[in-house]
Amino acid sequence: MSELSEPARSRALLIGAHSFADPGLEPLPAVSRNLTRLAELLGDSSVWGLAADHLRVLAEPDRDQALEEVARLADEAEDTLLVYYAGHGFVHELSNELYLALPRTNPQRLYSALRYQDIRELLLSPQTRARRKVVILDCCWSGLALHGTMSAPGLGGMSDISGTFVLTATSETRTALAPPGETYTAFTGELIGALEQGIPQAPPLLTMMTLYQHLYGSLVAKGRPTPQQRNGNTAGAIALARNRYRPPEDTSDVSAQDEPSEADLDPLAKEEPPEAKSDPSVKDEPSGEAAADKAADTAESRSARRRRGRLSRRTVVVLSAVLAATLGTLPVTWDAFFDEGGKGGSSDGGGSGDLASAKNRKNNLVVGIGVSVPLSGDLAGLGKGIKNSAELAVEKANDDAFVPGVTFKVQALDDKAQPATGQVNATKFVADPDVVGVVGPLNASVAGAMQQVLFAAHLPQISPANSAPELTLGTDWLGGTRSRPYDTYFRTVANDMAQAPAAAAYLYGKDERRRAFVIDDKQNYGQSMAEMFKAAFREEGGTIVGQGHVDYEQRDFTDEVERARSLGADVVYFGGEYPAAAPLSKQVHAADPDIRVAGGDGFLDNRYASLAGSGAAGDICTLGAAATESLKSAERFVTDYKKAGHAASYGPYGGYAYDATWALIRAFKEGVHVTGEKLPSTAREDLRKAVQEVRFDGVMGRVGFDRYGDAVTQRAQVYQVRDAVWKPV
């Protein structure tokens, strides 16, 4: 769990330049107000509580004065040092470096400005005592601090040092914004608002990553420059502020909701082939709340070990967006987010058309179900499989007149697998009064960007593909604390907690591996998968012989491979994704062909085998989803999907999308009472409540949700590289 940076052992430096001797530099009166209010908030005991002598404000300094203060406070701070700058930013035309304007700066002679690289070097100096550093830059081109083109660019080595977080108002190609008439600059204004008012659904302490995701969502929703961040290892967990948000009184008791019966917990037993019951490659996990309780018990001891050993922890956040104030201000033409022709579908056959045309064709109530998935780019195949499956469910419901007087229509939008686009899609769904529920998205990062927007409008969403536990269990799920962030979010697929036990059981039980070397890529997903595998493998009886941490973009694993070999590992488990996993596999098998490489669903791309080479045969990965073709309950779905003639396969998530769509349709029938030709004003909230209670036998097994929104059926499938492709085993 994140801890507040100790005020007594921390320091903050706020630098600003709002007036300039050069007539070509526009005055920035908002910067002065930025400094005043930030200083007040950081000194407030309800936010951070820095003492006056630990907080230095430099309004209108010269270059030497600014650098001297950075050096002095870097030497004084033992816990965390915050350095903030607001003003004009410049790009050096030769070096492409970032320079920060000061009152006497001449834009034609940038040596008169404050060179960001000088600040960076002071913070990286061996004399710096602060174990954690935070840099916040509110100026034009500030993204150069992250992506400069020098040999040691911008952030450079800072991103490799545990405990450094750099947050910028813009990318390296964008100007910052000081809106006329507003009290503060655009970026710092949102930061001040988060500190003043707090962030709904966020934890009691606001980590830097939580703040970043909130700023990202709020600023993107307003059409303002997009903030950027880079952090080293666990720096996203640095907390500089308490969360002031206090939710209104809520007398409802989510724990009183009906939990699934014992009969619901293993609905697929009667449908599985007999051999599946003893095959560890397909492992039924305790479902619903039981699974979460088991994870919490094991995670609690892991958390204690991590605190003792100072291991890095997974820091996950929930994106926050401002909805009501943004619907009229987004600089976006909504039709641009539809596929060609503005129909909301793809060209992959079976498009369901738009809602308006449906109303003209049908003399009854048309109810929209939104679908947000990637319909373009590398993940378009998976996205189209989800969309097509949702449309198949809708067609079945309409053909059977499942809800008399109601025609369901799919409203599909391409989220391009990008959080910002997914957030815009969510806002569009909210703005469309005909849409009562959403299926999707494919990517957990996109879900994080959509959740707050949909929650604010009581609009339920059911993902057929997201497996990140934090989406349902909250940010400290790995530490043993479970708290549902948004009661409008559900999923039909298992979360990641089902994957590690399946991998461990297969490797130890069927593949007879006993000694594992574990590597993670320092990302949230990779770290959590590695930690869960370690616990599951030990529980099976295996030994963790060692662990390594690599950079996300690292492709040379010589040191890690040699360590694994020297420690006698017979399996290397990698918490990460296929672009790094494939070269790791190639290097492992070149060194020792008998070592198995294993991982989670981040491996599950057929490019893995082609990149890893022939030695990858036998490598395994897991997916928190059953293999559709293996289920008797999915036979009709498979037949109907193929009969529809879609070019894209239903893929691993199509069956779950079909079940998600039916969950919305069934819940609508059971929970939304329609009288006349209009939806009731409470339709979305009524549907959300009904989704929480829905239970039925679906394509992929028993469909229902526990009190966290997780599927009551938690299953994981093991895949193995055979004939250069991933195949279920």
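Please read these numbers as outputs of a predicted model, since none were measured by experiment.
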What are the two closest non-hydrogen atoms of [X] and [Y], and how far apart are they?
X: Ala626; Y: Gln717; result: CA-CB, 4.4 Å
X: Asp594; Y: Arg513; result: O-NH1, 2.6 Å
X: Arg596; Y: Gly618; result: CD-O, 2.8 Å
X: Phe705; Y: Val691; result: CD1-O, 3.4 Å
X: Pro501; Y: Glu540; result: O-OE2, 4.5 Å
X: Ser463; Y: Tyr489; result: CB-OH, 3.6 Å

request  = Give a yes or no on whether the ring-centroid distance for Phe637 and Tyr650 is below 6.0 angstrom.
outcome  =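 Yes, the ring centres sit under 6.0 Å apart.
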task = State yes or no: are the ring centers of Phe696 and Trp662 separated by less than 6.0 Å?
result =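 No, they do not, as the ring centres are separated by 6.0 Å or more.
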Side-chain touch [X]/[Y], heavy atoms, less than 4.5 angstrom:
X: Asp619; Y: Gln720; result: no
X: Ile544; Y: Arg538; result: yes
X: Leu471; Y: Gln451; result: yes
X: Ser483; Y: Leu473; result: no
X: Arg491; Y: Thr472; result: yes
X: Gln461; Y: Val439; result: no
X: Leu623; Y: Tyr653; result: yes
X: Leu584; Y: Gln554; result: no

Rounded to the nearest 0.5 Å, how far apart are [atom1] of [X] and [atom2] of [Y]?
X: Thr543; Y: Asp570; atom1: OG1; atom2: CG; value: 9.5 Å
X: Asn466; Y: Met450; atom1: CG; atom2: CE; value: 9.5 Å
X: Leu442; Y: Leu375; atom1: CG; atom2: CG; value: 10.5 Å
X: Asp487; Y: Arg707; atom1: CG; atom2: CZ; value: 13.5 Å
X: Asp559; Y: Phe557; atom1: CG; atom2: CZ; value: 11.0 Å
X: Gln229; Y: Tyr216; atom1: CD; atom2: OH; value: 11.0 Å

Under the 3.5 angstrom rule, does the side chain of [X] hit a backbone N or O of [Y] as a donor-acceptor pair?
X: Gln587; Y: Pro583; result: yes
X: Asp551; Y: Glu553; result: no
X: Ser467; Y: Gly624; result: no
X: Ser566; Y: Glu562; result: yes
X: Asp659; Y: Met700; result: yes
X: Ser585; Y: Ala581; result: no
X: Gln452; Y: Ala449; result: no
X: Arg515; Y: Val545; result: no
X: Arg565; Y: Glu560; result: no

Ion pair present between [X] and [Y], side-chain N to carboxylate O less than 4.0 angstrom?
X: Glu531; Y: Lys534; result: yes
X: Arg636; Y: Asp640; result: yes
X: Asp697; Y: Arg702; result: yes

Check whether the side chains of [X] and [Y] place a donor and an acceptor atom closer than 3.5 Å, and report yes or no.
X: His549; Y: Asp521; value: no
X: Asp710; Y: Asn495; value: yes
X: Glu577; Y: Tyr552; value: yes
X: Asp496; Y: Tyr525; value: no
X: Asn388; Y: Tyr641; value: yes
X: Asn443; Y: Ser445; value: no

Working for side chain to side chain contact (heavy atoms under 4.5 Å, CB included), residues Phe517 and Leu567 = CA-CA 8 Å; Phe517 186 84; Leu567 293 170; 4.0 Å; yes
message = Is it the case that over 12 heavy atoms from other parts of the model lie below 6.0 angstrom from the CD atom of Glu629?
response =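 Count over threshold, so yes.
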task = Specify whether Trp726 and Phe603 have parallel, tilted or perpendicular ring planes, treating 30° as the upper limit for parallel and 60° as the lower limit for perpendicular.
result =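 Plane angle between 30° and 60°, so tilted.
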task = Check the pair Val725, Lys727 against side chain to side chain contact (heavy atoms under 4.5 Å, CB included), reporting the backbone distance first and the verdict last.
result = CA-CA 6 Å; Val725 295; Lys727 293 183 178 180; 3.5 Å; yes
query = Does Arg514 make a cation-pi contact with Tyr508, if we ask for NZ or CZ under 6.0 Å from the ring centre and within 45° of the axis?
reply =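 Relative to the ring axis of Tyr508, which defines the angle, Arg514 lies inside both limits.
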ask   = Can the positive tip of Arg484 be found less than 6.0 Å from the middle of the six-membered ring of Phe490, inside 45° of the ring normal?
value =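 Pair Arg484/Phe490 counts as cation-pi.
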inquiry  = Pair Asp414, Ser376 - check side-chain hydrogen bond (donor to acceptor under 3.5 Å, both in side chains), show working.
reply    = CA-CA 7 Å; Asp414 182 5; Ser376 60; 2.6 Å; yes
inquiry  = If you apply the rule side chain to side chain contact (heavy atoms under 4.5 Å, CB included), what do you find for Gln527 with Lys522, and how did you get there?
reply    = CA-CA 6 Å; Gln527 288 177 344; Lys522 299 182 184 178; 4.1 Å; yes
task = Check the pair Tyr719 / Thr622 against side chain to side chain contact (heavy atoms under 4.5 Å, CB included), numbers first and verdict last.
result = CA-CA 6 Å; Tyr719 287 78; Thr622 52; over 6 Å; no
